[in-house]
> 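Sharing a structure below in structure tokens format, with a few things to ask.
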Amino acid sequence: MRKPLVMGNWKLNGTKQSVSDLIKAFVEPANRTAGKVDVAICAPAIFIGTVESLAKGSSLQYGSEDCDIHTKGAFTGENSPEMIKEFGCTYAIVGHSERRGYHNESNEYVAQKFKAALDSGLVPVLCVGESEAEYDAGKTMEVVNAEIKAVIDLCGIDSFKNAVIAYEPIWAIGTGKTATPEVAQNVHRQIRDFLKTFSSEVADGTRILYGGSCNAKTAPELFSQADIDGGLIGGASLKAPDFTAIIAAAEANA
Ligand code: 13P
């Protein structure tokens, strides 16, 4: 049985005040649902120390929005997985479409980030997803499977025993155009089928989150789909009542 995971991705948002307000608001629902749902927030690196002190002793998990492939050295501006781990993070998002797009991160480079996170004891959250043009051209699974295959080639299929996949269609991110539950479920099932060609055990155990304009309204039906194991939430994770309602939707389907 896969335990649902509801993860916020704050992206480039937040102030000292909002970080404090939101983390305090999320500790209670995270504690209340801890037996049934994992709740996590991925914050900008500069706020992770604050998140650590506010979440201490609670069931609220947290992570980084990215990580570097190196452990240390002359890489100005980067954060190593070891640094992220030292601040008590459980997760590191890798390969978000905004990183792939704005920073030209290739599938192979993202796989290296995945490996670096895993090697440091973090749980990588591998984001995959197609553009609108690729969706229209019927290339969704070609794109998504290639993004996953690059990780399998570098790290092996068993690496997904300690990882999470997030399917985030780029056309749905921040657009208000949530994928319908049927469209999302269909892709999630095909991702699981692809994993199954390497290992049934891994396919059955891997959590696959949906992300892309997932909100308090759309979460209940999305989370009721057989192969959707929770959500990676952008905008709605910046609003306490919305994110709390999304946690409740995951709890209802756990
Ligand atoms: P939105 O929920 O704002 O569409 O963002 C989704 C996302 O990119 C999460 O990583």
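Remember, it's 1-based here, ligands and their atoms both numbered in the order they're listed. Just so you know, these numbers come straight off a predicted model, no measurement behind them.
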> Please check if any side-chain donor atom of E98 sits under 3.5 Å from a side-chain acceptor atom of H103, or the reverse.
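Short answer, no.
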> Any side-chain donor-acceptor pair under 3.5 Å between E130 and W171?
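Present: a donor and an acceptor within the cut-off.
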> Before accepting this row, confirm whether a basic side-chain N of the pair E105/R99 lies closer than 4.0 Å to the acidic partner's carboxylate O.
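Counted as a salt bridge, because a side-chain N and a carboxylate O are separated by less than 4.0 Å.
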> Is it true that D21 and Q17 share a donor-acceptor pair across their side chains at a distance under 3.5 Å?
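Their side chains do contain a donor-acceptor pair, which is all the 3.5 Å distance test asks for.
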> Starting from the N and O atoms of ligand 1, find every protein N or O within less than 3.5 Å and list the pair with its distance.
residue  : atom   : partner : partner atom : Å
ligand 1 : 2 (O)  : G234    : N            : 2.9
ligand 1 : 3 (O)  : G235    : N            : 2.8
ligand 1 : 4 (O)  : G174    : N            : 2.6
ligand 1 : 4 (O)  : S213    : N            : 2.7
ligand 1 : 5 (O)  : K11     : NZ           : 3.2
ligand 1 : 8 (O)  : K11     : NZ           : 2.8
ligand 1 : 8 (O)  : H96     : NE2          : 2.8
ligand 1 : 10 (O) : N9      : ND2          : 3.0
ligand 1 : 10 (O) : H96     : NE2          : 2.9
ligand 1 : 10 (O) : E168    : OE1          : 3.1
ligand 1 : 10 (O) : E168    : OE2          : 2.9

> Does the pair D66/K113 count as a salt bridge with the N-to-O cut at 4.0 Å?
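Looking at D66 and K113, the cut-off is met.
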> Are any non-hydrogen side-chain atoms of T180 and E221 less than 4.5 angstrom apart?
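Of all side-chain heavy-atom pairs linking E221 with T180, none is under 4.5 Å.
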